[in-house]
Amino acid sequence: MQEYLQKTRLSGLLDGLGFHILSFAFSFIWFIFLWGFRLPALAGGTALYILIVLLRKKIRDDQVTRKEKELRAVIGGELALERLLIAPPERAHFEIAMLLSLRYSLMLLQTGKDGVLCDVKGKKLLICFVQHAKKTKLTADDVLDMQRNTKLHNADSGLLCIPCSLSPEAQEQALEDPPVHFLSRETLIALFGEVNPASDSQLVMLGKRRKQRLARNIGPRILHEGRAKKYACYGALLLIMYQFTHLIYHALPGLICVFLAAACRCARKKQNTLTDLFSSHA
């Protein structure tokens with residue numbers, strides 16, 4: 001999904017404080033320069049300062065609305081692609097064809113496992129959605145299968161909708177007869193986002209899923225075997241400091257670090273035991 005750089009709360013407060021100081025100073029200095037240090041200059045400076053603040057608020061509200069709309073479209077498109085990856089092939093091909101029919105002038109003729117046969121200005125086009133993960137690459141064999149299906153349905157060309165990357169060999173194979181065209185992941189996300197942007201319930205569900213994923217990764221991240229040496233070193237140094245200072249707040253963290261080092265070792269031994277068990281049965 002699309003990533004945005006986010007400011008910290010302190011930096012946002014400092015930026016806002018600096019803006020108000022500069023706007024306030026500019027408003028009053030400008031009218032004092034024009035009219036001198038009089039009451040009308042103070043009233044004019046106050047009015048100009050309020051106008052600048054309201055204008056800034058209006059611009060920021062418009063930016064937030066625009067960014068929220070763009071973000072909802074991106075998230076909605078990505079959720080739709082995730083759903084199509086695990087859907088039956090016939091349904092995935094049909095939904096892609098229906099989506100394209102809303103934007104382009106094409107008529108659906110036949111639906112099957114190989115794709116959806118469409119009529120585009122008197123020419124036949126076979127539309128197919130490739131159910132590949134994002135990190136995979138479309139190969140030349142995938143394009144060759146599409147060309148076989150295109151000839152089998154007597155279509156003039158094929159359209160592969162790919163939610164993954166494209167290999168150079170696949171691009172070369174697509175130039176052979178019958179030609180095969182590609183619809184990229186970004187284009188699919190944009191099309192799905194326009195038709196079905198993310199709703200509030202989907203955003204809440206996405207936030208819960210992210211929190212659950214982070215919660216599941218906390219334990220393995222803390223007890224990773226690569227951290228055992230660091231925990232042991234920190235614990236030894238803190239216990240040595242306790243011997244010199246006799247301060248309890250050196251001993252407690254030291255004991256915790258030693259315990260974490262031992263836990264990392266035990267977790268690694270348990271993992272190795274399970275690996276050996278499954279390898280022996282294999």
Side-chain angles (χ1 to χ4, degrees), residues 1-2 69-203 205-206 209:
M1 297 182 182
Q2 196 175 17
K69 185 178 179 181
E70 294 175 355
L71 187 60
R72 284 180 180 269
V74 172
I75 294 176
E78 291 187 350
L79 290 176
L81 286 184
E82 288 182 3
R83 178 173 49 82
L84 289 184
L85 288 177
I86 58 176
E90 298 91 339
R91 182 175 181 83
H93 302 326
F94 178 74
E95 288 196 17
I96 288 293
M98 288 296 297
L99 178 68
L100 294 176
S101 65
L102 297 176
R103 173 66 68 87
Y104 307 101
S105 58
L106 56 88
M107 182 174 59
L108 278 63
L109 301 177
Q110 183 181 353
T111 303
K113 291 184 178 181
D114 300 330
V116 178
L117 187 63
C118 302
D119 181 82
V120 183
K121 297 180 180 180
K123 294 185 178 181
K124 292 184 178 180
L125 175 69
L126 183 65
I127 300 176
C128 176
F129 177 76
V130 182
Q131 292 178 309
H132 286 357
K134 179 181 178 181
K135 296 182 179 180
T136 60
K137 281 190 177 183
L138 191 75
T139 61
D141 293 335
D142 297 328
V143 179
L144 188 60
D145 291 339
M146 181 64 181
Q147 290 173 337
R148 293 195 191 100
N149 296 329
T150 302
K151 285 188 176 182
L152 183 64
H153 290 83
N154 296 322
D156 299 300
S157 59
L159 177 63
L160 274 178
C161 303
I162 52 173
C164 56
S165 57
L166 187 64
S167 64
E169 294 80 7
Q171 292 179 347
E172 294 179 1
Q173 182 63 36
L175 300 177
E176 302 293 333
D177 187 63
V180 175
H181 309 283
F182 302 103
L183 207 62
S184 65
R185 177 184 179 86
E186 291 75 16
T187 305
L188 292 174
I189 290 175
L191 292 174
F192 273 113
E194 291 180 2
V195 176
N196 189 21
S199 61
D200 293 338
S201 60
Q202 287 178 327
L203 294 178
M205 180 184 65
L206 191 65
R209 189 172 66 180

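Atom SG of residue Cys118 and atom CE of residue Met107 lie 9.0 Å apart, to the nearest 0.5 angstrom. Note: Leu125 CG to Tyr104 OH = 12.0 Å, rounded to the nearest 0.5 Å. Within the model, atoms SG of Cys161 and CG of Leu99 stand 8.5 Å from one another, a figure rounded to the nearest 0.5 Å. Rounded to the nearest 0.5 Å, atoms CG (Leu183) and CG (Leu188) are 4.5 Å apart. The distance from atom CG of Leu138 to atom CZ of Phe182, rounded to the nearest 0.5 Å, is 6.0 Å.
Between the Gln131 side chain and the Ala87 main chain, a donor and an acceptor come within less than 3.5 Å of each other. Remark: side-chain polar atoms of His93 are not paired, donor with acceptor, to backbone N or O of Cys128 under 3.5 angstrom. Side chain of Thr139 to main chain of Ala170: no donor-acceptor pair is present (N/O by atom type, distance under 3.5 Å, no hydrogens or angles). Not one N or O on the side chain of Gln173 forms a donor-acceptor pair closer than 3.5 Å with the backbone of Gln147.
The closest side-chain heavy-atom distance from Leu81 to Phe129 is below 4.5 Å. Residues Leu108 and Met98 are in side-chain contact: their nearest non-hydrogen atoms beyond the backbone lie under 4.5 Å apart. By the 4.5 Å heavy-atom criterion applied to side chains, Asp142 and His132 are counted as neighbours. The closest side-chain heavy-atom distance from Leu106 to Ile127 is below 4.5 Å.
Scanning both residues, Gly77 and Phe192, for their nearest heavy atoms gives CA-CB, 3.7 Å. Here the closest non-hydrogen pair linking Ala133 and Thr136 is O-OG1, 2.6 Å. Across all their heavy atoms, Ser165 and Lys137 have their closest contact at OG-CG, 2.9 Å. Heavy atoms only, all atoms of each residue included: Ile189 and Val74 are closest at CG2-O, 3.7 Å.
Every side-chain contact (heavy atoms from CB on, under 4.5 Å) that Glu90 has, sequence neighbours left out, goes to Pro88, Lys113.
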Give every donor-acceptor pair under 3.5 Å between a side-chain atom in residues 148-157 and any protein atom, sequence neighbours left out.
residue : atom : partner : partner atom : Å
Arg148  : NH1  : Asp145  : OD1          : 2.6
Asn149  : ND2  : Asp145  : O            : 3.2
Thr150  : OG1  : Met146  : O            : 2.7
His153  : ND1  : Asn149  : O            : 2.8
Asp156  : OD2  : Lys124  : N            : 2.9

